[in-house]
There are 4 protein chains.
Amino acid sequence: MWIPIQINELSAEPLYHQIEVQLRALIFSGQLAEGTLLPSIRELAQSVKCSVITIRRVYQDLENEGLLRTRQGTGTFVAKVGDEVRDQQRRSAVIEAFEAAVDAGIRVQCSDEEMLTILQEVLQRKRQMETEGGGE
Amino acid sequence: MWIPIQINELSAEPLYHQIEVQLRALIFSGQLAEGTLLPSIRELAQSVKCSVITIRRVYQDLENEGLLRTRQGTGTFVAKVGDEVRDQQRRSAVIEAFEAAVDAGIRVQCSDEEMLTILQEVLQRKRQMETEGGGE
Amino acid sequence: MWIPIQINELSAEPLYHQIEVQLRALIFSGQLAEGTLLPSIRELAQSVKCSVITIRRVYQDLENEGLLRTRQGTGTFVAKVGDEVRDQQRRSAVIEAFEAAVDAGIRVQCSDEEMLTILQEVLQRKRQMETEGGGE
Amino acid sequence: MWIPIQINELSAEPLYHQIEVQLRALIFSGQLAEGTLLPSIRELAQSVKCSVITIRRVYQDLENEGLLRTRQGTGTFVAKVGDEVRDQQRRSAVIEAFEAAVDAGIRVQCSDEEMLTILQEVLQRKRQMETEGGGE
DNA sequence: GTGGTCTAGACCACC
DNA sequence: GTGGTCTAGACCACG
């Protein structure tokens, strides 16, 4: 089982947090379906080039959130999450991020139109990067 | 001199950082004009109910960034910032936040339209809170 | 030979332990009489939907405790247990569990009466579940 | 700040779990009031003679449960818990333990009266130990 | 093979 | 001083 995790070495964001965010997104978006067996902590640790313990923490945190189920000697699985819960969660992380962005805009007295423009610029740039990077 | 600083106790974001972000925004948006005398470290510490050490760090950081200027025995002032620099900076914090939001959206496979809708919902909600809270 | 074993998937309690506890109880209460031939490892493994390794461990543990006896090529039997030993054992597991419960109560400063009330509530609830579930 | 934590070296129960159970009980029973500053992780580690990391895990687990609040550079506090929540939680741990005890009793076909008798015996014994140990 | 616990120790960030 | 992150490694328990 292979999972695409991208680490930003330069970011001040803790390793474990970067990984959690990406795993949550994979689960909430359905790219990791219920019941899927995740890679073992040792495997994933090797593939993201970090300590086993860091991955253990990630799996444990997500288990505490109810997203994963782990059975000793067997491995770690994606837990059952109600569809409505999943959809709600899927949006909430995004909404939260947009609230932070709007707060930043309001603080420097951006108009609504200015923010909409910024969003469109950013979207265009990101989507372009996606298609360009798609051939990698 | 009174400065409106809002602290979110529940947030994991460090105190000093919350304050810096807000001060920067006040300066870049022109709400704190060049030459303005800031409150003393003790005063500001008292008004945000935190340690003077925290405020000292804030002033120090912003001075290092060239946004503040301290004159011995007189106090701390808002430094001169070039207009084009100010405008660029004003936008950059906002753009950064929107990039994070778009990243969050892309991770859970939101469409562009979905993100635009979310932004409009958030904007409406925040603006409403502003006008409601304006009478406080 | 059919043996009623209930597995709680959600519990953190290891599989082998859940099974051992239930087998012991069946033996000490006389529901599995001395000399009874137990199902083969493979059969029991299939019926509780777990690995044969797990069942092998269970049989081994109980044999080490002197509760089971394995004869090569024949199978695994319930061993002879002295009556007084059996009676003592029968109670000891129960007493142990009640000691843990009382400890939990004392820790949060429950009065004796409060604990008696709780026991009666729980008893009533469990007995009701028994008679309801009896038709299954 | 001194906190009475008793470790059972012989028990198979993990260290961190023993500590969590006792801290939860102290909080739910009100012996550790809201807002109380707990000992630093290093202090508590020293007093229970275990690794700092074990205590860190304890504090973090309880923070995830919403029982503690920790602020970097300041320390760890008992969080605000709604009274009704606290009362409910206080009982639920006890009820859970009694359910396990009753299950154990039912498995070996104890009568209700037998369990009541056992409870009274255990209570008497424990209370006696309390008063005897009170002079320590 | 899997995960779970505990350790020691380094280094950083915050107040 | 406080807590937070990450590391390496030992040893145990489970299936």
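In this text, all values refer to a predicted model and were calculated from it rather than measured experimentally.
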Over how many whole Å does the gap from [X] atom [atom1] to [N] atom [atom2] extend?
X        : N       : atom1 : atom2 : value
Asp61(B) : dC15(E) : CG    : C1'   : 14 Å
Glu63(D) : dG4(F)  : CD    : C1'   : 11 Å
Tyr59(A) : dT5(E)  : OH    : P     : 17 Å
Arg71(A) : dA13(F) : CZ    : P     : 18 Å
Glu13(C) : dA13(F) : CD    : P     : 16 Å
Gln60(A) : dG4(E)  : CD    : C1'   : 8 Å
Gln46(A) : dT7(F)  : CD    : P     : 14 Å
Leu38(A) : dG3(E)  : CG    : C1'   : 13 Å

Glu13(C) atom CD: more than 12 heavy-atom contacts under 6.0 Å: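 It does: Glu13(C) CD has more than 12 such atoms within range.
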5' priority, DNA chain F, between Thr54(C) and Ile41(D) [closest heavy atom]: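 Taking each residue's closest nucleotide, the earlier one in sequence belongs to Ile41(D).
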Is there a side-chain contact between [X] and [Y] (heavy atoms, below 4.5 Å)?
X        : Y         : answer
Glu63(D) : Thr76(D)  : no
Leu37(D) : Thr74(D)  : no
Leu32(B) : Ile3(B)   : yes
Val94(C) : Val108(D) : yes

Nucleotide-resolved protein contact map, nucleotides 8-14 of chain E, B/S/- at heavy-atom distance under 4.0 Å: BB---BB
Among dG3(E), dC6(F), dG4(F), the nucleotide that comes nearest once only the side chain of Thr76(A) is considered: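 The answer is dG3(E).
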Dot-bracket encoding per residue of DNA chain F, Watson-Crick/G-U cut-off under 3.5 Å, | denoting interstrand: ||||||||||||||.
Any Thr70(A) side-chain N or O less than 4.0 Å from OP1/OP2 of dC14(F):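 Indeed not, no polar side-chain atom of Thr70(A) lies that close.
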Distance below 4.0 Å between Arg56(D) side-chain N/O and dT5(F) OP1 or OP2: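 Looking at the OP1 and OP2 atoms of dT5(F), one of them is under 4.0 Å from a side-chain N or O of Arg56(D).
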Residues Gln60(C), Arg56(C); criterion side chain to side chain donor-acceptor pair (under 3.5 Å); working and verdict: CA-CA 6 Å; Gln60(C) 186 75 54; Arg56(C) 195 157 53 71; 5.6 Å; no
Side chain Gln89(C), main chain Phe28(C), donor-acceptor under 3.5 Å: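 No.
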CD-CG distance between Glu65(A) and Asn64(D), expressed to the nearest 0.5 angstrom: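 Rounded to the nearest 0.5 Å, the CD-CG separation comes to 8.5 Å.
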side-chain hydrogen bond (donor to acceptor under 3.5 Å, both in side chains) partners for Arg57(A), two or more places apart: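 In terms of side-chain hydrogen bond (donor to acceptor under 3.5 Å, both in side chains), with neighbours along the sequence ignored, Arg57(A) is linked to Tyr16(A).
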